[in-house]
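I have placed the structure first, in the form of structure tokens, so that the comments after it can refer back to it.
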Amino acid sequence: MGCWVLLNDSTEQYEVADLCAALHKAVRAVRFYPPGHPLATGALAALADNFGHQLSGPGLLELEVTERGFVHDDALMDEREDLRDSIPFLLFRDGVRTLVFSPGLTTDEIHALVSVFAQAPDLDRADRDITTVLWDQDLVHVECRVVDPLLDREAGTTTLERLRASLRDGWDTVLGERAAWSQVPATALSEAAERAVAPDGSLADLLEADARIGDLVGAEERARLSAEMAAEPDVFDELVVVLTEVLASAKREDDLAAAAKALSDVLCSYMDWGELTSLLSSIERLDQMQQQVPQRADTFIAILDGLTDPERVARLIGKLDGPLMTRRSEAEGILLRLRERVCGTLLDLLVEVDGRAARRCLLNVLAADGGVPAALIVPRLADSRWYVVRNMVLLLGVIGDPSAIMFLEKTLDHDDERVRSETVRSLSHVGGPRAAYLITSALNDPSSLVRTVAARTLTSLSGPDAVVHLLRQVGTRDFGSRSETERDAVFESLGRLGDDRAVPALDALWATRSLFRNRTLSVRLQALRTLKNIGTPKARESLARAVGSGDETIRRQAKHCLLETEHRTANE
Amino acid sequence: VNRPPDSVPNRSQRHQLVHSLAVALRTAELCAPENATMQRVISDLGDALRSDDSLGGPQVLAIRNHTLFVNNERVPGVTADEIRSLLYAFDICSVNANNEERDLETLALRLRQHGVVHVTLEAPVVEQGSRVDDDTDPATAAQQDLTISGPQQEAAAAELQPTADPGVGSDSPDRACRQPLIEGRSAAALRTYSACLDVCREFQEAVQDLRQLGTRRLHRVTQSVVDQVLQDDGALLAMTTIKEFDDSLFTHSANVAILAVALGQRVGYERSRLGELCLAAFLHDLGKIELARDLLDKPDALTSEEWELMREHPVVSVNILLTQEHLNPSTLRAIISGYEHHLNYDLTGYPRPRQKRHISLFGRIISVVDRYDAMTSPRAYRQRTITPHEAVLYLIGNAGAQLDPTLVRLFVDLVGLYPSGTAITLDTGEDAVVQQPPAAGSQLRRPQVCVLEGPRKGFVLDLAEQRDNGTYVCSIVSVLQPQRVGQVYGFDQVLFSVA
């Protein structure tokens, strides 16, 4: 708590005291509340009002800094019991004796000033002080008068005296030898001058008699320099380049170790900050360097260890669905490069993460380039959550290892249809007679979703028997009442197979009427389209017959399909 | 911070305007109205005014903390010399430039009132705070932007009273001789320089004892260097003619830091970035501390093994800095530029990069000034130390290949063709030493020199001074080689007796 010590009651002193109180309040608010907190923004706004009022005239506001508090016009403005909480004390301790504020003080400058004061108690630990940090802020409307800008000590004075004596002696020596001074040999100068206009003569104008100070760099050259300064690369990006070079060229072990540790720290920081573009390009640079200096491969690999820390990877993945969404493609690029070393972590995360973007990223990474070892996946197939099992099934399919079939066979009996349907897809990726058999059996699954996937994938596996299995589906009593998606899947597969054995069944389908006309019409039309896709002479004959149908819709569809078939045949 | 793309040319134009104005004011101080040089600078100023697209309203010039603002926008790269010229004009016009902002018209009015220079500012600003009418004939406006003529002789003489008898040519204006360097100014520079050496010594001890480098004092010192360069780069630049005191590594580090800041200021860096540059330059040779002393001071050529060791010092610097606590962006920049300072612009040099890469601007700046200071410093293995003039010619000759050509141009713009410390013979037969680079707008080969002998011993002459007929009062005829060293101190002897 502060107490006020006002030595007289002039209005100006009350106002300055108010300003000092507002300054303390703002510093505390910024120190203890996060950026943007209403208390912090409110306190800063109040301080800005105070400064605006004080500096509205042409005069300056001068605050003397003492150990006890700010002094204005010989009056102590405030006093704090706890010195650690006292801005004037901290300023005094660091050598500041006066703060001068001039009109034009901007809100940004006020915020920067408060921010420096707020971190003042911690500056010691960073081997800094308020004076140097304020200087860094370059606040043009705040002058900070310091008692000893150079932090001179006894040794400083000694050096100065010795230097002065040395210069005096040096001067006397040089002048004493003046008789022996020589003109610089003409040859030396002329050679230097000749070199000065080489190699392309671009700076020859500097040697012309009328070249003048201030005119040597043209507007275009200056603009180019300004543009370079404005676009100066991030210091960490430049550091990565240097450290990578050091790793490749250092000869001493401790130089190598220091660079490796620093580089590892930078890369981990990149990941923690979400600077994924920089991280990705840094890893690529490391890869390139590793190829150039293969004898240091172990060092390059070890640098990435920090990135594989499970908690760090989890934080990265967690950010993908956060409000500050990191670009997924870059995260995938990074994880792909680390995949061999973070497979287990990624699989664990795949089990745990909720976010859609995060799961997609993990699946893409785990499924890329032949997937991950089955031994890591299988234990997770027993998970009670359907989506975990579904994801593991997907990964087993990506691996394409025939040994995975024995695990997939079990998940084909999973309670959840989404797991079973993913199992069918994975089986189709693995392939082989056993997989084909299992997919065929899935055509009889109670779930339409599973049957649909099975119908779609069957064609690629089960050879000549596939048409038989599909026709068996068409022949079931409830086929007409199944979902259109499922029926489409069956018909599309029959069309793709192009087997004449399907024609009679299809011929019968389009020709048959039903009491439930609407539903049957769609089946009959699907049958015609399938005949068109089969496209054999036998299928065309069936279509030709349909052109003569008494049903106008069937006739029109058949005509259209036949034309398309004939056109396709002619082209072939 | 990314700046809008159109702001770069604007800033460049504003810098040109400030430069032209500073040159005009300075030239008006030195030359008669009808002098050809005067006519040319007036013409240049007119061009600068006309080329500034934003000159549709009042141009408010303000100087705060040695930074120049035009219409509240910082103009980077304005030199201490240019600011001094403006402040001088403000001062003699009783304009308090530190506390109040004044527009060009006010300045023009004050200048007119004091009769130092005759300024007519008719368009586009006609009255203070008011714009010219929209229907003003552009052609007329273009012809009447700003006219400046030279000083009215009587008034100028009163303002620019010389302090010593010139003794050169009866037709020479008395202005040819200037006051010696102000005692306090050089003393402050020497105190800062001494602090630089102390910091270097502390760093060497810390590295040798495997202690952490204390950066608090280093920051204080680097910030003092920057502040002094911004206020008066000439005084501190003159200190870089000190080459031998205690350990040559200390003087080299201090000199490189000062030169780098001065060059960085020309580049256009703002104050805080100059602080970082100073720190980086200070630490650029940190790795040499771990090299054996007899290797650094070896009088003979180095063997290939010794060269290998020598070439390791940038990497060693990286290691030393990486093992420090409290790494921050400033230290990281020091690591980067320390590693790069022997890398040439064309990526030759050492440590040779294995991949094509960009060299940081800090690295390129330090590379230029490091080379200059190393060449002009006595070395055990050299028969003769290169003179500052030869070193500048060397830099020019290697621009584009080893060195960034733009930075070399800016460096020559900073030190001239005859940098501080160059011993020369004048066409008057007198020997002199260069103390200050040429002022803004002066020829590169016309610095300010201090006479070393004869009746004018100790007098400071500005070689840009012209007689009324347009000829120069004095010129350099040759460069001298003071024995083993290549130069003499570029500051006044009065400094040695300052308590």
Side-chain angles (χ1 to χ4, degrees), chain A residues 126-129 132 135-136 138 140 149-151 155-156 159-160 163-164 166-168 171 174 177 180-184 192-193 195-196 198-200 202-203 206 210-214 216-217 219 221-223 225-227 230 235 238-239 241-242 245-246 248-251 254-255 258 262 292, chain B residues 3 8-9 12 19 64-65 191 194-195 197-198 215-217 219-221 223-224 245 267-268 271-272 315 318-319 322-323 326 329 332-333 336 339 351 353-354 357 360 387 390 393-394 396-397 399-400 405-406 409-410 412-413 438 440-444 478-483 488-489 496:
Chain A
D127 199 20
R128 296 297 302 269
D129 57 26
T132 52
W135 188 96
D136 281 341
D138 201 4
V140 289
L150 290 170
L151 286 180
T159 305
L160 183 59
L163 179 60
R164 199 170 272 147
S166 163
L167 296 178
R168 197 183 299 121
W171 185 259
V174 171
E177 294 169 344
W181 288 12
S182 56
Q183 285 197 1
V184 173
R195 281 201 305 274
D200 59 359
S202 58
L203 274 74
L206 298 185
D210 204 34
R212 286 169 191 276
I213 294 284
L216 305 184
V217 180
E221 212 168 359
R222 199 170 278 283
L225 205 53
S226 298
V235 66
E238 288 192 299
L239 184 68
V241 175
V242 165
E245 293 278 349
V246 172
S249 59
K251 293 188 172 58
D254 57 339
D255 292 341
Q292 289 185 27
Chain B
R3 297 176 176 90
V8 170
S12 188
H19 171 70
R64 299 184 209 109
N65 284 350
R191 187 162 171 257
S194 161
L197 300 179
D198 274 336
T215 55
R216 188 185 302 225
R217 181 135 193 263
H219 278 108
R220 289 285 186 106
V221 171
Q223 291 174 359
S224 281
F245 176 73
V267 165
R271 196 172 74 145
S272 56
V315 175
V318 172
N319 183 7
L322 283 177
T323 48
H326 316 309
L332 299 184
R333 288 203 170 84
I336 295 161
Y339 182 79
R354 289 176 184 261
R357 53 165 299 198
S360 70
T387 65
E390 288 172 292
L393 294 178
Y394 175 87
I396 294 171
T406 304
R409 280 184 183 279
L410 285 171
V412 178
D413 200 60
S442 298
Q443 287 182 354
L444 294 186
S478 63
V479 175
L480 295 171
Q481 176 81 44
Q483 293 295 87
V488 291
Y489 299 135
F496 310 143

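Computed from a predicted structure; not experimentally measured. Proteins come first, then strands; the chains are lettered A, B, ... in the order of their sequence lines, and each starts at number 1.
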Sort B:Val318 into side chain, backbone, both or neither according to what part of it lies under 4.5 angstrom from a heavy atom of chain A.
side chain

Do A:Asp129 and B:His219 touch side chain to side chain, with heavy atoms closer than 4.5 Å?
no

Shortest non-hydrogen contact from B:Tyr489 toward A:Ser166
OH-O, 4.2 Å

Please classify the contact of B:Ser360 with chain A as side chain, backbone, both or neither, using a heavy-atom distance under 4.5 Å.
both

Is any side-chain heavy atom of A:Thr159 closer than 4.5 Å to one of B:Phe245?
yes

Is B:Arg409 in contact with chain A via its backbone, its side chain, both, or neither, using a 4.5 Å heavy-atom distance?
both

Under a 4.5 Å cut-off applied to non-hydrogen side-chain atoms, are A:Val184 and B:Leu480 in contact?
no

Given the options B:Gly268, B:Ser272, B:Ser442, which has more heavy-atom pairs under 4.5 Å with chain A than any of the others?
B:Ser442

Heavy-atom proximity to chain A below 4.5 Å, by part of B:Ile336
both

Supply the atom-to-atom distance A:Leu239 CG to B:Leu322 CG, rounded to the nearest 0.5 angstrom.
7.0 Å

How long is the straight-line distance from CH2 of A:Trp135 back to CZ of B:Arg271, given to the nearest 0.5 Å?
5.0 Å

Only pairs of heavy atoms separated by less than 4.5 Å count here; which of B:Pro353, B:Pro329, B:Gly400 has the most with chain A?
B:Pro353

State, yes or no, whether a side-chain contact exists between B:Leu197 and A:Leu163 at a heavy-atom distance under 4.5 Å.
yes

At a 4.5 Å cut-off on heavy atoms, which part of A:Ser202 comes close to chain B: side chain, backbone, both, or neither?
backbone

Among B:Arg354, B:Gln223, B:Arg357, the residue with the most heavy-atom pairs under 4.5 Å to chain A is B:Gln223

A:Ile213 and B:Pro438 have their tightest heavy-atom pair at CG1-CB, 3.6 Å

Consider only side-chain N and O atoms of B:Ser478 and A:Gln183, and report whether a donor and an acceptor are under 3.5 Å apart.
yes

Highest number of heavy-atom pairs under 4.5 Å with chain B: which of A:Val174, A:Val235, A:Val241, A:Asp254?
A:Val235

I need the A:Thr132 OG1 to B:Arg220 CZ distance, nearest 0.5 Å.
6.5 Å

Are side-chain heavy atoms of A:Leu216 and B:Leu444 found at a separation under 4.5 Å?
yes

Just by distance, no angles: are the side chains of A:Asp127 and B:Thr215 close enough, under 3.5 Å, to form a donor-acceptor pair?
yes

